[in-house]
Amino acid sequence: FRTLDTVVTNMNRISDNLSAECLLKTMGALTMGAPGSAATGISAVKNFLVAQGLDTTRMIIADGSGVSRYNLTTVRGIMGILRMMHRNQALFPVFRNSLAAPGEHGSLMRGTTAERNLRAKTGTLRGASAFSGYVTSAGGKLLAFSIVMQNFGGNLRSYRQVQDNIGVFLSQWQK
C-alpha cells in the first residue's frame with residue numbers, strides 16, 4: 001500500500017505517466033463515483049481548480065500525464081496553480097517536496113547555487129519544453145517560476161540549458 005504523497009512524489013520525480021493516468025481516474029472515481037475515467041478525473045481536476053479560484057477557461061486537459069498535444073494551458077495558468085499550492089500550507093510542503101531537486105534522476109542542473117533550493121517539474125514533447133516550480137533566491141525569497149518554450153526544431157539540450165540557466169539565475173537573485 002502506497003500513500004498518496006508517495007505516489008505523487010514518484011510520479012513527479014520520474015515523470016511516471018502511468019501513475020499520472022491512474023491518479024486522474026482515481027480522482028474521478030472518488031469525486032463522481034466508480035468506475036473512474038479520464039473524463040470524470042478531468043472534471044474533478046477542473047472543479048477543484050475552479051473552487052480554488054483559478055480560471056480554467058484557457059485550460060484544456062486531455063489526459064493525466066500531460067503527453068497529449070491536446071493539453072493546453074498558459075504560463076499564467078501554471079503560475080496560478082503554483083501560487084494556489086503555495087497558499088495551501090497543509091499541502092504545500094508535500095507538493096513542493098514531490099518536485100525534483102537539481103540532479104535527481106538527471107532531470108535538473110547539479111553543482112549550482114540552485115542545487116539545494118530549487119524544486120521543479122520538467123515537461124518535454126518534440127518541439128516543446130516546460131520547466132516550472134519554486135526556488136529560494138539568494139535574498140531569501142521563495143519564487144515561483146514557469147518557463148515554456150515551444151515551436152522549435154533541433155536539439156532540445158540547448159533549450160533545456162537556457163531553462164537551467166534561468167533557474168540558477170533566480171537562485172542567485174539578491175532581492
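Keep in mind the model is a prediction, meaning the values are calculated, not measured.
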Connected hydrophobic set around Val50, excluding itself, where side chains approach under 4.5 Å: none

If you look at every heavy atom in Ala144 and Met79, which pair is closest and at what distance? O-CE, 3.5 Å

Interatomic distance, OG1@Thr113 vs CZ@Phe169, rounded to 0.5 Å, equals 11.0 Å

Heavy atoms only: give me the nearest Pro102-Ala114 pair and the separation to one decimal. CG-O, 3.4 Å

Do Ile42 and Leu54 belong together in a cluster built from hydrophobic side chains that touch within less than 4.5 Å? yes

Excluding sequence neighbours, so at least two apart, what forms side chain to side chain contact (heavy atoms under 4.5 Å, CB included) with Val162? Met149, Ile166

Cluster overlap Ile14 with Val7, hydrophobic side-chain contacts below 4.5 Å: no

Here the gap from Asp5 atom CG to Leu91 atom CG, rounded to the nearest 0.5 Å, amounts to 10.5 Å

Check: Asn97 main-chain N/O paired with Arg13 side-chain donor or acceptor under 3.5 Å: yes

Which value, rounded to the nearest 0.5 Å, describes the distance between Leu99 atom CG and Met85 atom CE? 9.0 Å

Show every side chain to side chain donor-acceptor pair (under 3.5 Å) that has at least one partner inside residues 67-84, sequence neighbours left out. Asp63-Asn71

Where is the tightest heavy-atom contact between Met84 and Leu49, given as atom of each residue plus distance? CE-CD2, 3.9 Å

Are side-chain heavy atoms of Met59 and Ile81 found at a separation under 4.5 Å? yes

Among Ile, Leu, Val, Met, Phe, Trp and Tyr joined by side-chain contacts under 4.5 Å, find the other residues sharing a cluster with Leu72 and list them by chain and number. Ile60

With sequence neighbours excluded, give me every side chain to side chain donor-acceptor pair (under 3.5 Å) pair touching residues 135-153. Ser132-Ser146

When rounded to the nearest 0.5 Å, the distance separating OG1 of Thr112 from CG of Asn117 is 8.5 Å

Suppose we screen for side chain to side chain donor-acceptor pair (under 3.5 Å). Which residues come up paired with Ser37, at least two apart in sequence or across chains? Thr40

Which heavy atom of His86 sits nearest a heavy atom of Gln89, and at what distance? O-NE2, 2.5 Å

Is there a path of hydrophobic side-chain contacts, each under 4.5 Å between heavy atoms of I/L/V/M/F/W/Y residues, joining Ile61 to Leu125? no

Can you tell me how far apart CG (Leu24) and CE (Met27) are? Round to the nearest 0.5 Å. 5.0 Å

Aromatic contact, Tyr134 with Phe92 (centres under 6.0 Å): yes

Can you run down the side chain to side chain donor-acceptor pair (under 3.5 Å) pairs that involve residues 49-58, sequence neighbours left out, and say none if there aren't any? Asp55-Thr57

So, using side chain to side chain donor-acceptor pair (under 3.5 Å) as the criterion, who are the partners of Ser158 when residues are at least two apart? none

Are Leu142 and Leu82 connected, step by step, through hydrophobic side chains (Ile, Leu, Val, Met, Phe, Trp, Tyr) whose heavy atoms are closer than 4.5 Å? yes

Please lay out, stage by stage, how Asp164 and Phe131 fare under the test side-chain contact (heavy atoms from CB on, under 4.5 Å). CA-CA 8 Å; Asp164 287 353; Phe131 181 52; 4.3 Å; yes

Which value, rounded to the nearest 0.5 Å, describes the distance between Met11 atom CE and Leu23 atom CG? 5.5 Å

Any side chain to side chain donor-acceptor pair (under 3.5 Å) pairs touching residues 14-32, not counting sequence neighbours? Asn10-Asp16, Ser15-Lys121, Asp16-Ser19, Glu21-Ser65

Using the test side chain to side chain contact (heavy atoms under 4.5 Å, CB included), find all partners of Ala130 that sit at least two apart in sequence or belong to another chain. Val148

Is it possible for you to say whether Leu143 and Leu118 belong to one hydrophobic cluster, with membership spreading through side-chain heavy-atom contacts below 4.5 Å? yes

Output all residues satisfying side chain to side chain contact (heavy atoms under 4.5 Å, CB included) with Ser98, sequence neighbours left out; order by chain, then residue number. Val8, Thr9, Asn12, Phe95

Can you sort out the partners of Phe152 under ring pair (Phe, Tyr, Trp, His ring centres under 6.0 Å), two or more places apart, ordered by chain and number? Tyr159

Heavy-atom side-chain proximity of Thr122 to Gln163 below 4.5 angstrom: no

Hey, does the side chain of Glu115 reach the backbone of Gly111 with a donor-acceptor pair shorter than 3.5 angstrom? yes

